Amino acid sequence: PAEPTMVLRLKFLNDTERLARVRPSDTVGALKSAYFPGQEQQVRLIYQGQLLRDDTQSLAALHLAHNSVLHCHISQHSPSPAPAGPHASADPVHAALNVGSLMLPLFVLMLAVLWYFQLQYRHVFTATATTFLAGLTLLFSFMAFTMYRR
């Protein structure tokens with residue numbers, strides 16, 4: 001008799017789902033190959049919060065039942081081999097500045113400059129501007145403390 005098939009629900013980050021008809025003896029790698037041809041290295045499958053790293057593991061060994069949900073994450077960049085040559089780091093995609101990591105130091109610098117001007121040119125700053133600057137500094141300090149405290 002033929003091995004029974006079961007249906008797995010492949011759920012993506014954008015909440016779309018795709019049904020996969022598999023056999024319990026199929027491996028994680030075979031599932032990736034069948035439903036994500038050419039993208040096997042970019043697909044990450046997660047079952048009950050665990051990343052399925054071993055592509056040789058069978059679905060039966062994972063205790064997957066009919067209608068089980070596998071969460072799928074497809075990365076946009078495939079793992080590329082290490083670049084060779086003197087100009088290997090000239091790739092504009094990887095050499096681009098990460099602006100997000102610069103926001104905290106940039107904001108600290110901006111606040112420091114504003115406080116310097118407030119102390120040096122006190123006659124230019126009104127009471128309202130000084131109060132606003134103090135409030136902004138307190139707000140930023142509170143946000144930075146809560147975000148970066150771990």
Side-chain angles (χ1 to χ4, degrees), residues 1-118 129-150:
E3 186 178 13
T5 60
M6 62 182 179
V7 173
L8 298 178
R9 294 170 39 212
L10 305 177
K11 188 165 186 160
F12 298 90
L13 291 176
N14 61 1
D15 277 338
T16 58
E17 282 191 16
R18 193 168 156 196
L19 297 179
R21 189 166 296 279
V22 296
R23 294 185 312 272
S25 63
D26 289 345
T27 62
V28 173
L31 174 67
K32 287 181 183 180
S33 295
Y35 290 92
F36 306 99
Q39 295 180 303
E40 293 91 344
Q41 297 301 315
Q42 295 157 272
V43 174
R44 302 283 178 261
L45 297 176
I46 301 160
Y47 177 62
Q48 292 184 339
Q50 299 295 315
L51 179 63
L52 305 182
R53 297 178 193 273
D54 186 5
D55 283 352
T56 62
Q57 192 171 25
S58 74
L59 300 177
L62 295 168
H63 306 291
L64 290 169
H66 181 72
N67 252 353
S68 291
V69 175
L70 286 176
H71 294 273
C72 304
H73 174 262
I74 303 174
S75 63
Q76 299 303 316
H77 305 289
S78 62
S80 57
H87 302 290
S89 63
D91 181 9
V93 174
H94 298 296
L97 279 177
N98 183 1
V99 179
S101 65
L102 296 175
M103 289 307 290
L104 178 68
L106 187 65
F107 202 69
V108 168
L109 178 68
M110 192 169 60
L111 277 175
V113 168
L114 283 171
W115 275 111
Y116 171 78
F117 283 132
Q118 199 282 334
T130 304
T131 304
F132 180 74
L133 182 59
L136 190 63
T137 303
L138 283 172
L139 178 68
F140 174 75
S141 300
F142 175 74
M143 287 177 54
F145 178 74
T146 55
M147 284 174 50
Y148 293 101
R149 180 183 59 164
R150 293 190 185 227

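Note that these values count all heavy atoms, side chains included, but never hydrogens, waters or copies made by symmetry. Small disclaimer: the values here were computed from a predicted structure and weren't measured.
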Side-chain polar contacts of residues 60-74 - donor-acceptor pairs under 3.5 angstrom, sequence neighbours left out - could you list them?
from	atom 1	to	atom 2	distance (Å)
His66	ND1	Val7	N	3.1
Ser68	OG	Ala65	N	2.9
Ser68	OG	Ala65	O	2.7

For residues 19-31, tabulate all N or O donor-acceptor pairs below 3.5 Å that involve a side-chain atom, not counting sequence neighbours.
from	atom 1	to	atom 2	distance (Å)
Arg23	NH2	Asp26	OD1	3.2
Ser25	OG	Glu3	OE1	2.7
Ser25	OG	Glu3	OE2	3.3
Asp26	OD2	Arg23	N	3.0
Thr27	OG1	Ala30	N	3.0

In terms of the angle between their ring planes, are Phe12 and Phe36 parallel, tilted or perpendicular, with boundaries placed at 30° and 60°? perpendicular
Flag yes if more than 12 heavy atoms outside Glu17 fall under 6.0 Å of its CD atom; otherwise flag no. yes
Would you compute the distance between atom OH of Tyr35 and atom CG of Leu8 and round it to the nearest 0.5 angstrom? 8.5 Å
Applying side-chain hydrogen bond (donor to acceptor under 3.5 Å, both in side chains), can you list everything that pairs with Thr137, at least two apart in sequence or on another chain? Trp115
So with a 6.0 Å cut-off around CE of Met143, is the heavy-atom count from everything else above 12? no
Pairing residues for Ser58 by the side-chain hydrogen bond (donor to acceptor under 3.5 Å, both in side chains) criterion, not counting sequence neighbours: none
Sequence-distant partners of Gln118, side-chain hydrogen bond (donor to acceptor under 3.5 Å, both in side chains), two or more places apart: Thr130
Starting at CZ of Phe107, measure out to CG of Leu111 and round the result to the nearest 0.5 Å. 5.0 Å
Which pairs, with at least one residue in residues 50-67 and sequence neighbours excluded, count as a salt bridge (charged side-chain N to carboxylate O under 4.0 Å, His left out)? Lys32-Asp55
